[in-house]
2 protein chains.
Amino acid sequence: MSTAEETAGAEMPPWAEVTPDAARRLLVAAVEAFAERGYHATTTRDIAGRAGMSPAALYIHYKTKEELLHRISRIGHEKALEILRTAAQGEGGAAERLADAVSSFVRWHAGGRTTARVVQYELDSLGPDARAEIIALRRQVDAEVRGIIQDGVAAGDFDVPDVPGTTLAVLSLCIDVARWFNVNGTRTPEEVGALYADLVLRMVGAGPR
Amino acid sequence: MSTAEETAGAEMPPWAEVTPDAARRLLVAAVEAFAERGYHATTTRDIAGRAGMSPAALYIHYKTKEELLHRISRIGHEKALEILRTAAQGEGGAAERLADAVSSFVRWHAGGRTTARVVQYELDSLGPDARAEIIALRRQVDAEVRGIIQDGVAAGDFDVPDVPGTTLAVLSLCIDVARWFNVNGTRTPEEVGALYADLVLRMVGAGPR
DNA sequence: TCCGATACTGAGCGGGCGCTTAGAGTGCCC
DNA sequence: GGGCACTCTAAGCGCCCGCTCAGTATCGGA
């Protein structure tokens, strides 16, 4: 677990690509509010208030409340995909790359739980067009993990009777971390990442390391 | 996978314990609406309309919209706990009981996805008192699964370095089925249950069956 | 010094929300 | 048959929602 290390860190400059500054502050405020209360329970007045602005200011930078969610979701999914791609294209064997992918993906969900929660659980709040775009990104996420598992099976390292089903389960396990992980809990994101990498290697029937 | 068979079926008479009939129709309508759109995006007018009643009729049977969610959540959690208890108190070894617990729990999440979605993902929409009551039920759910795993470790059937962490992962895997399972998809609840039982046995290091 | 562009605010519009109330319909016990 | 308890509806109250718009402050360039 080293190749994808730098991409799975604590969201180094989070949302740095969002400009200008006011637009980024609004977006960060929206992420926090959506994560705490959910998209539908969050008001535009709440988002603007958290960013220290009047409700009307939001509409200078974003056309609607939904556009905020769309932007958050797309950036988040692109980040998730980048993390998995980095791990999948690593140099080790399938077991090493799968462990790397799982541990960095889990660290992203646990460490950036606020963002991950919005990204993974507010998909249904998007309109049809935006949702379709995001679903395409999710298919790419699935393909990355499936690719590693297929490599392991082809190399004889893994014993996996149902590759698509196991891929689904591995991703499901990682994603659900965003639901239960507690920042004030006893486990650090790194500990959960290591535990989950071990569990996933067992799931694919990789021999003991 | 047989002892918990009858309790994990297709919600045989769903919500049969809710009376009178009008109250049950409203509750079933609320489950569907909450599952489709989420609690906050569902209006009381929508719930009443689905039940074929006027908006005011809802308030004869329930004090608030939140009371509906609370009732749904409590009944659902009690059912989930019953399913796991039945499996945990089965007669086989730890491996058999764990496989039974996972497969029946997964079948409940996949087959009754509508209900399970509300039960598992609308917890935060409850007020503090109701949430505390539900969290107590969830701790009992966790204890049942942890008990089976501990039995397996004590008997030397399982190899589990981190029992609480593995318990968390097993439950997480099952619960997340309610998020991704698609009724129109290619897999039946039974198939997913069997696949997941196998994956979980690998996670706990149980020997091949 | 003035100008236009940009970023923002205060006030508020139309509408839908959760929930209430007055009263009508219905069936059961005496 | 009369009274009552129960169930449900039509109407609507007060509130807050997403979003708009006229107007103000600020600032770089000529």
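A note on names: the letters A, B, ... follow the listed sequences, proteins ahead of strands, and every chain is numbered from 1. Both backbone and side-chain heavy atoms feed into the values below; hydrogens, waters and symmetry mates do not. Not measured: the values here are computed from a predicted model.
- Atom NE2 in B/H61 sits roughly 9 Å away from atom P in D/dT9 (whole-Å rounding).
- The heavy-atom pair separating A/I72 from A/A30 by the smallest distance is CD1-CB, 4.0 Å.
- For the pair A/E66 CD and D/dG18 P, the computed distance is 13 Å after rounding to whole Å.
- Distance, A/L58 CG to D/dC21 C1': 16 Å, rounded to whole Å.
- Using a 4.5 Å heavy-atom threshold, the side chains of B/T167 and B/V163 count as touching.
- Looking only at side-chain heavy atoms (C-beta outward), A/F105 and A/V177 stay at 4.5 Å or farther from each other.
- Taking only side-chain nitrogens and oxygens, B/S54 never comes nearer than 4.0 Å to OP1 or OP2 of D/dA10.
- Distance A/E67 CD to D/dG18 P: 15 Å, rounded to the nearest Å.
- On the nucleic acid side, DNA chain C contacts chain B at distances under 4.0 Å to non-hydrogen atoms, with the end points of that region at C/dC17 to C/dT21.
- Residue A/A57 is the one, among B/A56 and A/A57, whose nearest nucleotide of DNA chain C lies closer to the 5' end (criterion: closest heavy atom).
- The side-chain heavy atoms of B/R117 and B/F34, taken from C-beta on, include no pair separated by under 4.5 Å.
- One interatomic measurement links the two molecules: OH of A/Y39 to P of D/dG18, which rounds to 8 Å at whole-angstrom precision.
- Of the charged side-chain nitrogens involved, at least one lies within less than 4.0 Å of a carboxylate oxygen, so that B/D21 and B/R25 count as a salt-bridged pair.
- Atom pair A/Y59:OH and D/dT20:C1' shows a separation of 10 Å (rounding to whole Å applied).
- In this structure, A/D46 places its CG atom 16 Å from C1' of D/dC19, rounding to the nearest Å.
- A distance of 4.5 Å separates CG of A/D46 from CZ of A/R37, quoted to the nearest 0.5 Å.
- Between the CG atom of B/D21 and the C1' atom of D/dC6 there is a distance of 15 Å, rounded to whole Å.
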